[in-house]
Participant: 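Below is a structure I'd like to ask you about.
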Amino acid sequence: MIRHTVAFTLRHSAGSEAELAFMKKALVLAEIPGVKKFEQLRQVSPKCSFAFGFSMEFDDQSAYDAYNRHPTHTEFVKEFWQSEVTAFQEIDYVSLS
């Protein structure tokens with residue numbers, strides 16, 4: 001199993017309609033085959049400058065690779081992510097046990 005996470009900050013004002021619209025548009029990612037346990041998260045630690053996070057799981061590397069190539073994902077990145085996200089950090093995990 002691979003847990004794909006990304007922490008990010010949007011260019012929109014906190015609580016704005018544009019912020020809400022971005023999060024709604026991102027829900028399409030949950031519909032991509034192979035995506036499991038999709039979550040949209042608000043970051044609350046004062047130790048981190050990012051505002052939000054997405055987390056999702058994949059059964060294996062091939063499912064994760066298919067997600068990255070999927071037209072819905074690539075279109076979302078091109079149409080929304082690249083223009084609305086100001087900073088991000090991706091971290092992908094596999095279990096040690």
Side-chain angles (χ1 to χ4, degrees):
M1 186 273 294
I2 296 172
R3 181 172 300 126
H4 171 62
T5 66
V6 59
F8 62 96
T9 300
L10 295 172
R11 68 176 60 259
H12 311 300
S13 299
S16 68
E17 288 296 320
E19 180 185 83
L20 181 60
F22 176 88
M23 299 305 272
K24 284 182 180 180
K25 290 181 269 192
L27 292 173
V28 300
L29 301 174
E31 300 171 11
I32 297 172
V35 172
K36 296 181 176 181
K37 298 184 182 178
F38 179 82
E39 295 179 294
Q40 294 183 325
L41 307 159
R42 183 174 302 278
Q43 197 292 117
V44 296
S45 172
K47 299 175 187 177
C48 181
S49 63
F50 296 113
F52 298 101
F54 291 160
S55 176
M56 61 193 82
E57 294 180 0
F58 299 91
D59 285 339
D60 53 29
Q61 187 66 49
S62 64
Y64 180 56
D65 292 343
Y67 164 81
N68 276 315
R69 291 188 307 267
H70 195 279
T72 299
H73 176 256
T74 58
E75 183 178 321
F76 175 79
V77 169
K78 181 180 174 184
E79 295 297 319
F80 305 113
W81 186 268
Q82 291 177 348
S83 62
E84 298 184 52
V85 172
T86 59
F88 72 96
Q89 174 69 56
E90 274 189 43
I91 302 176
D92 299 322
Y93 300 98
V94 295
S95 177
L96 294 176
S97 55

Participant: Hydrophobic clustering (ILVMFWY, side-chain heavy atoms < 4.5 Å, transitive) - are Ile2 and Tyr93 grouped together?
Facilitator: no
Participant: If you measure from NE2 on His12 to CE on Met23, what distance do you get to the nearest 0.5 Å?
Facilitator: 10.5 Å
Participant: Taking the side chain from Gln43 and the backbone from Ala7, do they hold a donor-acceptor pair closer than 3.5 Å?
Facilitator: no
Participant: Any donor and acceptor pair, going by atom type alone, linking the side chain of His73 with main-chain N or O of Asn68 inside 3.5 Å?
Facilitator: yes
Participant: Honestly curious: do Val35 and Met1 fall in one hydrophobic cluster under the side-chain, below-4.5 Å linking rule?
Facilitator: no
Participant: Hey, quick one: are Leu41 and Phe76 part of the same hydrophobic cluster, counting side-chain heavy atoms closer than 4.5 Å, chains of contacts allowed?
Facilitator: no
Participant: Is the gap between the ring centers of Phe38 and Phe54 under 6.0 Å?
Facilitator: yes
Participant: If hydrophobic clusters are built by linking Ile, Leu, Val, Met, Phe, Trp and Tyr wherever their side-chain heavy atoms come under 4.5 Å apart, do Leu20 and Val85 end up in the same one?
Facilitator: no
Participant: If I compare all heavy atoms of Lys36 with all of Asp59, which pair ends up nearest, and what's the gap?
Facilitator: NZ-OD1, 2.7 Å
Participant: Roughly how far, to the nearest 0.5 Å, is CD of Glu19 from CZ of Phe22?
Facilitator: 10.0 Å
Participant: With rounding to the nearest 0.5 angstrom, report the NE2 to CG distance, His70 to Asp65.
Facilitator: 14.0 Å
Participant: Between the side chains of Glu84 and Arg11, is the shortest nitrogen-to-carboxylate-oxygen separation below 4.0 Å, so that they form an ion pair?
Facilitator: no
Participant: Any side-chain to backbone donor/acceptor pair from Thr86 onto Thr9? Under 3.5 Å, distance only.
Facilitator: yes
Participant: Side-chain contact, heavy-atom cut-off 4.5 Å: Ser55 with Lys37?
Facilitator: no
Participant: Are there more than 12 heavy atoms of other residues, nucleotides or ligands under 6.0 Å from atom CD of Glu90?
Facilitator: yes
Participant: What distance do Lys25 atom NZ and Glu75 atom CD have between them, rounded to the nearest 0.5 Å?
Facilitator: 11.5 Å
Participant: Heavy-atom distance under 4.5 Å between the side chains of Trp81 and Val6, does that happen here?
Facilitator: yes
Participant: Under the 3.5 angstrom rule, does the side chain of Thr5 hit a backbone N or O of Ile91 as a donor-acceptor pair?
Facilitator: yes
Participant: Roughly how far, to the nearest 0.5 Å, is the CE atom of Met56 from the CD atom of Glu39?
Facilitator: 10.0 Å
Participant: What about Val94 and Tyr67, same hydrophobic cluster or not, with Ile/Leu/Val/Met/Phe/Trp/Tyr joined at side-chain heavy-atom distances under 4.5 Å?
Facilitator: yes
Participant: Any chance the rings of Phe50 and Phe8 have centres within less than 6.0 Å?
Facilitator: no
